[in-house]
Amino acid sequence: MTGVMSLRGWAATAAGVVLAVAATACAATSAFSYSAQDAQLDTATSPEADAVTQIVTAAHLADWGRRRGEPGPLIMAARMVAEVPLRPADAEAAPLVSWEGLLTEAERMAPDSQAIRDATARVRNRSRGVRSSPFGQGPIFQVREIKARETYVFELEARGGVLRVAAIGDGDSNIDLSVRDAGGALVCQDGRGDHYPVCTVVRTQPGKLRIDIVNRGQVWTKVQILSN
């Protein structure tokens, strides 16, 4: 491939860069933990903290690719950013690091490479399951109150590929979750009697889906709704 490292080649090299950046992050965390122990602070990591580390690592990886004129690392960085559920940004405060921006930048670096176009298309197809919903464009990150024995229903427009929807209750009630297609057929259901059901749906084509979130309890509950 003229002027562009093979995808397998840059993936192996970029993986080494990710490990190096991660090692640096771990060293910094370790250094902090000693001072935190002196102050008797809890230094246990959280999913939110891990997500921040992942985005920072992706930014380092993208910079590494830019310095070498290689689009591959930017595509890998885009995949890393796309894994982290983020709230939609305001129009005036667009994120400096976004998976869409990284993919566009990678394509501009190798405009004649079909392999790069194919790679960016794969990331776009699987990076976000929700195209739009009553909550707006893109992934869902909302909190709703659901009364006892009530069902909260909404529709969304899903992309082709993998769609994952979760409903995390506050613990007062058991929550059920189901996904139905445009014709009303049940395509996924999680009713295991807990308060954090998850449904994963793989679709070959985009289309409408209906989401039902059921409060099985005797009291109202607060539910956080998430999707990719």
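This chain uses plain numbering: 1 for the first residue, then up along the sequence. Scope of the values below: all heavy atoms of this structure, side chains included, with no hydrogens, waters or symmetry mates. Computed from a predicted model, the values in this text were never measured in an experiment.
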Close side-chain approach of Arg159 and Leu163, heavy atoms under 4.5 Å: no
If you take all heavy atoms of Arg66 and Leu102, which pair is closest and at what distance? NH2-CD2, 3.7 Å
Using the rule side-chain contact (heavy atoms from CB on, under 4.5 Å), only one of Ile146, Asp170, Asp172 pairs with Lys222; which is it? Asp170
Has the side chain of Arg203 got a donor or acceptor atom that lies under 3.5 Å from a matching backbone atom of Gln205? yes
Mind listing the closest non-hydrogen atom pair of Ala58 and Ala77 along with its distance? O-CB, 3.4 Å
Aromatic contact between Phe154 and Phe135, with the criterion being ring centroids under 6.0 Å apart: yes or no? yes
Same hydrophobic cluster for Met76 and Trp64, using side-chain heavy-atom links shorter than 4.5 Å among ILVMFWY? yes
Between the main-chain N or O of Leu209 and the side-chain N or O of Asp181, is there a donor-acceptor pair closer than 3.5 Å? no
Hey, does the side chain of Gln54 reach the backbone of Met80 with a donor-acceptor pair shorter than 3.5 angstrom? yes
Can you tell me how far apart NE2 (His60) and CD1 (Ile55) are? Round to the nearest 0.5 Å. 12.5 Å
Closest approach of Asp190 and Pro197, non-hydrogen atoms and distance? OD2-CA, 3.2 Å
Any non-hydrogen side-chain atom of Ile140 less than 4.5 Å from a side-chain atom of Leu226? no
Please tell me whether Ile213 and Val201 are part of a single hydrophobic cluster in this structure, the criterion being side-chain heavy atoms less than 4.5 Å apart. yes
Can you check whether Leu74 reaches Met109 side chain to side chain, under 4.5 Å on heavy atoms? yes
Quick test of your reading: applying side chain to side chain donor-acceptor pair (under 3.5 Å), list the pairs with at least one residue in residues 149-158, sequence neighbours left out, ordered by first then second residue. Arg144-Tyr152
Contact summary for Gly69 and Pro71, nearest pair of heavy atoms: O-CD, 3.7 Å
So which heavy atom on Val162 is nearest to which on Asn228, and how close? O-ND2, 3.0 Å
Say whether Phe141 and Val198 are linked into one hydrophobic cluster, either directly or through other cluster members, by side-chain heavy-atom distances under 4.5 angstrom. no
Distance-only, no hydrogens or angles: does the Ser113 side chain make a donor-acceptor pair with backbone N or O of Ala110 under 3.5 Å? no
Side-chain donor/acceptor of Asp212 to backbone N/O of Val153, under 3.5 Å: no
Verify the cluster assignment for Ile175 and Trp220: are they in a single hydrophobic cluster under the rule of side-chain heavy atoms below 4.5 Å apart? no
Can you check whether Leu186 reaches Ser178 side chain to side chain, under 4.5 Å on heavy atoms? yes
Heavy atoms only: give me the nearest Ala106-Thr120 pair and the separation to one decimal. CB-CG2, 4.5 Å
Between Ser173 (side chain) and Val219 (backbone), is there a donor-acceptor pair under 3.5 Å? yes
Does Asn174 reach the main-chain N or O of Arg216 with its side chain, forming a donor-acceptor pair under 3.5 Å? no
Report, as yes or no, whether the 6.0 Å neighbourhood of atom CZ on Arg164 holds more than 12 heavy atoms from other residues, nucleotides or ligands. no
What residue pairs, at least two apart or across chains, pass disulfide bond (SG atoms under 2.5 Å apart) with a residue in residues 194-228? Cys188-Cys199
Would a distance-only check, ignoring hydrogens and angles, find a side-chain to backbone donor-acceptor pair under 3.5 Å from Asp176 to Val214? no
Main-chain N/O of Pro111 paired to Arg117 side chain as donor or acceptor, under 3.5 Å: yes
